[in-house]
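Report on the following structure.
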Amino acid sequence: MPFRIEPAPSFRDRLAAEDRPLVGAWICSGSPVAAEIVAGSGLDWTLIDAEHSPIGLESILALLQAVAPYPITPVVRVPSGDATLIKQVLDVGAQNLLVPMVNSAQDAAAAVAATRYPPRGIRGVGSALARAGQFNRIEDYLLRAHEITSLSVQIETDAAVQNARAIAEVEGVDAVFIGPSDLAASMGLLGQQEHPDVVAAVEHTIAEVRAAGKPVGVNAFNPATARRYLGAGASFALVAADVSILARATEKLAADWIPDADTTQRAGY
């Protein structure tokens with residue numbers, strides 16, 4: 001009898017099963033050790049960021065392997081909606097994807113198609129040789145892949161905010177994630193994620209996505225802002241990152257132990 005493996009619940013499944021918001025942290029360092037520490041923390045989910053980090057395809061594989069023994073749910077953010085990149089990331093075993101810079105329903109539909117096999121989409125077939133199907137150990141993977149995987153899309157421009165409901169209504173989009181940093185930049189408010197206009201745009205997007213019947217999440221490192229968005233109806237949030245936790249904690253160590261030290265330093269690029 002062949003050995004069979006059942007995949008873990010997807011991010012879509014986790015969102016549907018919980019009666020509270022899911023809270024998570026980024027993995028940006030590319031370190032499997034950092035990823036394993038985050039995975040064992042008790043957080044609900046983690047975002048492996050392959051867009052704004054040194055994380056490439058091999059690193060994604062190593063990070064997924066590092067977090068696999070833990071109950072945390074990993075989501076991989078791909079660099080773009082490129083169908084070839086999405087195919088490769090799925091094949092190395094990413095069960096849950098986040099596609100950035102989705103500005104329209106057409107962008108969202110293209111992302112959905114890239115994650116699904118024909119006739120539902122355009123994903124290339126190679127799962128028998130790939131970690132995606134556990135090397136042919138997930139029974140009927142080709143027929144079940146669209147049920148096993150989940151797709152979230154990222155709204156992070158003013159144009160996307162205007163199209164939020166249409167984006168969320170696309171069949172195959174399981175959740176929408178809001179990126180306030182790029183959103184602020186697109187509104188002419190670079191670096192001002194806490195600006196009232198940006199906060200209003202985020203809350204408008206939360207309401208629009210919820211009206212479409214889809215879960216919506218947000219990135220917010222300011223605890224008060226994160227709680228505000230969760231109170232407004234966000235179903236999930238990222239509240240820290242491995243690199244930010246290390247940076248702020250070591251800065252505090254320096255301040256506590258070297259109170260007279262000059263904290264202005266030249267970056268050694």
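Side chains are part of it too, since the values below use all heavy atoms of this structure and drop only hydrogens, waters and symmetry mates.
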Could you give me the CA-CA distance, side-chain angles and deciding distance for R120 and V112, then say whether side-chain contact (heavy atoms from CB on, under 4.5 Å) is met?
CA-CA 9 Å; R120 296 183 175 89; V112 172; over 6 Å; no
Is there a side-chain contact (heavy atoms from CB on, under 4.5 Å) between M187 and D197 once you walk through the steps?
CA-CA 9 Å; M187 296 171 66; D197 290 348; 3.9 Å; yes
V92 vs Q88, side-chain contact (heavy atoms from CB on, under 4.5 Å): CA-CA, chis, key distance, verdict
CA-CA 6 Å; V92 299; Q88 290 180 305; 5.8 Å; no
Yes or no on salt bridge (charged side-chain N to carboxylate O under 4.0 Å, His left out) for R144 and E139, after CA distance, side-chain angles and deciding distance?
CA-CA 9 Å; R144 300 169 57 202; E139 190 168 10; over 6 Å; no
What verdict does the side-chain contact (heavy atoms from CB on, under 4.5 Å) test give for W26 and I48, after you've listed the backbone C-alpha separation in whole Å, the side-chain angles of each residue and the deciding distance to 0.1 Å?
CA-CA 6 Å; W26 298 74; I48 297 171; over 6 Å; no
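Remark: the backbone N or O of A240 is not paired with any side-chain donor or acceptor of S244 at under 3.5 angstrom. Side-chain N or O atoms of R77 include none that pairs as donor or acceptor with a backbone N or O of P100 at under 3.5 Å. Using a distance-only test at 3.5 Å, with no hydrogens or angles considered, a donor-acceptor pair links the side chain of R12 to the main chain of T149. Between the N163 side chain and the N103 main chain, a donor and an acceptor come within less than 3.5 Å of each other. A donor-acceptor contact shorter than 3.5 Å links the side chain of D82 to the backbone of L85. Without hydrogens or angle criteria, K214 side chain to E169 main chain gives no donor-acceptor distance under 3.5 Å. W45 places a side-chain N or O within 3.5 Å of a backbone atom of A237 that can act as its donor or acceptor partner. For the pair D49 (side chain) and I27 (backbone), a donor-acceptor distance under 3.5 Å is absent. The backbone N or O of S10 lies less than 3.5 Å from a partner atom in the side chain of D13, making a donor-acceptor pair.
Salt bridge status for K252 with D256: present, with a side-chain N to carboxylate O gap under 4.0 Å.
Between R123 and T115 there is no side-chain heavy-atom pair separated by less than 4.5 Å. When side chains are defined from C-beta on, I155 does not count as touching V102, because their heavy atoms never get closer than 4.5 Å. Within the 4.5 Å cutoff, no side-chain heavy atoms of L98 are placed close to those of V78. A heavy-atom distance below 4.5 Å is not found between the side chains of L253 and R248. V209 is not listed as a side-chain neighbour of I206, based on a closest heavy-atom distance of 4.5 Å or more. For the pair Y117 and I122, the minimum side-chain heavy-atom distance is 4.5 Å or more. Contact annotation: the side chain of Q134 never approaches that of R4 to less than 4.5 Å [non-hydrogen atoms, C-beta and beyond]. The shortest distance between side-chain heavy atoms of Y229 and V202 falls below 4.5 Å.
L97 and V173 fall within the same hydrophobic cluster, defined by Ile, Leu, Val, Met, Phe, Trp and Tyr side-chain heavy atoms under 4.5 Å apart, directly or through other members. At a threshold of 4.5 Å between side-chain heavy atoms, the hydrophobic network of Ile, Leu, Val, Met, Phe, Trp and Tyr places L47 and I178 in two separate groups. Taking hydrophobic clusters as Ile, Leu, Val, Met, Phe, Trp and Tyr residues chained together by side-chain heavy-atom distances below 4.5 Å, V75 does not share a cluster with V38. Residue F221 is not grouped with residue L230 when hydrophobic side chains (ILVMFWY) are merged at heavy-atom distances under 4.5 angstrom, including chains of intermediate members. Criterion: ILVMFWY side-chain heavy atoms under 4.5 Å apart, direct or through other members. Under it, Y141 and V125 are part of a common hydrophobic cluster.
S150 and Q95 share no donor-acceptor pair across their side chains, judged by distance under 3.5 Å alone. Side-chain contact annotation: D242 with S29, donor-acceptor N/O pair under 3.5 Å present.
The two residues E36 and A66 make their nearest non-hydrogen contact at CG-O, 4.0 Å. Across all non-hydrogen atoms, the minimal contact from N96 to F11 is OD1-N, 2.7 Å. Closest of all the heavy-atom pairs between A132 and L90 is CB-O, 3.1 Å. Across G81 and I86, no two heavy atoms sit closer than the pair O-CD1, 3.6 Å. Residue E156 comes nearest to M101 through the heavy atom pair OE2-N, 2.7 Å, listed as atom of the first residue, atom of the second, then distance. Heavy atoms only, all atoms of each residue included: A105 and V170 are closest at O-CG2, 3.7 Å.
Counting non-hydrogen atoms of other residues, nucleotides and ligands closer than 6.0 Å to CZ of R210 gives a total of 12 or fewer. Counting non-hydrogen atoms of other residues, nucleotides and ligands closer than 6.0 Å to CG of L190 gives a total of 12 or fewer.
A distance of 12.0 Å separates CG of L183 from CD of Q192, quoted to the nearest 0.5 Å. To the nearest 0.5 Å, the span separating CD on E208 from CD on Q162 amounts to 9.0 Å. Interatomic distance, CD of E6 versus CZ of R137, reported as 14.5 Å (0.5 Å rounding). From C28, atom SG reaches atom CD1 of I245 across 10.0 Å, with rounding to the nearest 0.5 Å. The line from OG of S41 to OH of Y70 is 10.5 Å long, rounded to the nearest 0.5 Å. The OG atom of S181 sits 12.0 Å away from the CG atom of L189 when rounded to the nearest 0.5 Å.
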Which pairs of donor and acceptor atoms, one on a side chain in residues 15-25, lie under 3.5 Å apart (sequence neighbours left out)?
{"from": "R20", "atom 1": "NH1", "to": "D44", "atom 2": "OD2", "distance (Å)": "2.8"}
{"from": "R20", "atom 1": "NH2", "to": "D44", "atom 2": "OD1", "distance (Å)": "2.7"}

